[in-house]
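Structure, as structure tokens:
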Amino acid sequence: MGGFETVIYEKDGRGIAAVTLNRPKALNAFSVRMRDDLYEVLNAIKIDDEIRAVIFKGAGEKAFCAGADLKEFLTAPSAVKARRIRSVRDLWRLFMRIPQPLIAALHGYVLGSGMEIALYCDLRIASEDVVFGLPEVGLGILPAAGGTQTLPRLLGLAASLDMLLTGRRINGKEALDSGLVTRLVPKDRLLQSAEEVALKIASFDPVVVRNAKQAVKKGMDMTLEQGLELEQRLAHIPDKI
Ligand code: CAA
């Protein structure tokens, strides 16, 4: 598999896949082409049992992703057409359905839909130059790639509204302090750190890893009682008893 215009997809023999957003001249801005490429890549990852962890990263020095492609955005189809395309090719829902752990290796600008991609990942590791922001409201739109839902589940209400309603940018230290990222590392160690984490996960029983992810993520949207039932179901898969 390969030959994507906007994404590099690599899979090694150790169970690690790497997805690189690859439009460095446009700070890896998220375009329609990138959406289609990611859709194909994620569908392949979802059914590939050899893959035990996935790393998302951005090409170039300056950004993981500077958000939606604003040049393309100005020529966007009507809202109706956009909604129809989204219902056929819902990349964001697909992100939620990937069973393997997703690790975001974040550097430089992580803005708008770039931040929303990072929020779909299970672990976020960033380098010290990272800058997070959701400029959408200031641009007259909502962060509608899931940001209004994923961010509060991670940061809580107040900190999320502060970012969403004011467009305030968050640096690496703030991101670490608030839990937006769980590890902050020097830039020259970012990819190595992400790979170490991916390899650690890949060394564990893949079914247990998937079930742990599912229990935590699905459980977040359940009552405690339902969540505990889910945990019991997933803890007692037949070959683990
Ligand atoms: N879309 C398209 N091109 C972009 C881009 C974007 N989002 N962000 C940067 N680029 C391009 C620039 O046009 C520039 O290209 P040229 O060299 O051809 O002019 C190149 O990337 C480098 O960018 P800058 O020269 O602007 O770099 P900088 O270091 O001076 O500034 C920045 C960096 C602060 C991130 C600035 O580029 C910026 O503000 N970018 C836009 C951020 C933004 O608002 N993103 C959209 C968020 S909204 C969203 O994502 C949701 C949605 O669905 C619409």
Side-chain angles (χ1 to χ4, degrees), residues 4-8 19-39 41-42 56-96 102 104-121 124 126-155 159-175 180-181 187 190:
F4 297 105
E5 198 179 302
T6 65
V7 162
I8 301 169
V19 181
T20 308
L21 309 181
N22 189 34
R23 301 183 67 210
K25 285 191 187 139
L27 307 189
N28 302 318
F30 180 81
S31 60
V32 170
R33 180 77 250 169
M34 188 181 281
R35 180 203 61 198
D36 291 346
D37 287 348
L38 281 174
Y39 192 79
V41 165
L42 285 183
F56 284 84
K57 55 193 164 117
E61 283 300 307
K62 284 178 69 174
F64 171 73
C65 172
D69 189 317
L70 289 176
K71 291 171 188 162
E72 205 177 70
F73 193 61
L74 295 172
T75 62
S78 71
V80 175
K81 196 166 170 199
R83 257 201 305 276
R84 200 173 60 234
I85 294 170
R86 181 167 174 167
S87 71
V88 181
R89 212 153 238 239
D90 193 343
L91 177 66
W92 312 122
R93 193 172 289 250
L94 180 57
F95 258 108
M96 304 264 295
L102 308 180
L106 304 165
H107 76 284
Y109 293 106
V110 185
L111 303 177
S113 15
M115 178 159 169
E116 291 174 292
I117 289 174
L119 288 168
Y120 281 116
C121 292
R124 278 159 296 280
S127 58
E128 286 156 347
D129 65 336
V130 78
V131 178
F132 290 97
L134 289 172
E136 281 93 335
V137 169
L139 294 168
I141 51 173
L142 284 192
T148 65
Q149 303 305 306
T150 51
L151 189 64
R153 280 168 169 77
L154 189 67
L155 288 197
S160 301
L161 284 173
D162 193 6
M163 281 194 85
L164 271 150
L165 297 182
T166 70
R168 189 162 84 84
R169 290 186 178 165
I170 301 286
N171 66 22
K173 183 174 178 315
E174 266 188 284
L180 184 52
V181 305
K187 195 167 181 183
L190 177 63

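Note that the numbering runs from 1 along the sequence shown for the chain. As the structure lists them, so they are numbered: ligands from 1, and atoms in each ligand from 1.
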Basic-acidic side-chain contact under 4.0 Å: E174, R168:
yes
If I take atom CG from residue L165 and atom CG from residue L161, how far apart are they, to the nearest 0.5 angstrom?
5.0 Å
E72 bridged to R33 by N-O distance under 4.0 Å
no
Between the side chains of N22 and T20, does any donor sit under 3.5 Å from an acceptor?
no
Verify, without hydrogens or angle tests, whether H107 (side chain) and G60 (backbone) share a donor-acceptor contact under 3.5 angstrom.
yes
Please tabulate, one line per pair, the protein N or O atoms found under 3.5 Å from any N or O atom of ligand 1, giving the distance to one decimal.
residue	atom	partner	partner atom	Å
ligand 1	1 (N)	L70	N	2.9
ligand 1	7 (N)	A66	O	3.1
ligand 1	7 (N)	A68	O	2.9
ligand 1	13 (O)	K71	NZ	3.2
ligand 1	21 (O)	K25	O	3.3
ligand 1	27 (O)	K62	NZ	3.2
ligand 1	29 (O)	K62	NZ	2.7
ligand 1	45 (N)	A66	O	2.8
ligand 1	50 (O)	A68	N	2.7
ligand 1	50 (O)	S113	N	2.9
ligand 1	50 (O)	S113	OG	2.9

Distance (rounded to the nearest 0.5 Å) between W92 CH2 and I117 CD1:
4.5 Å
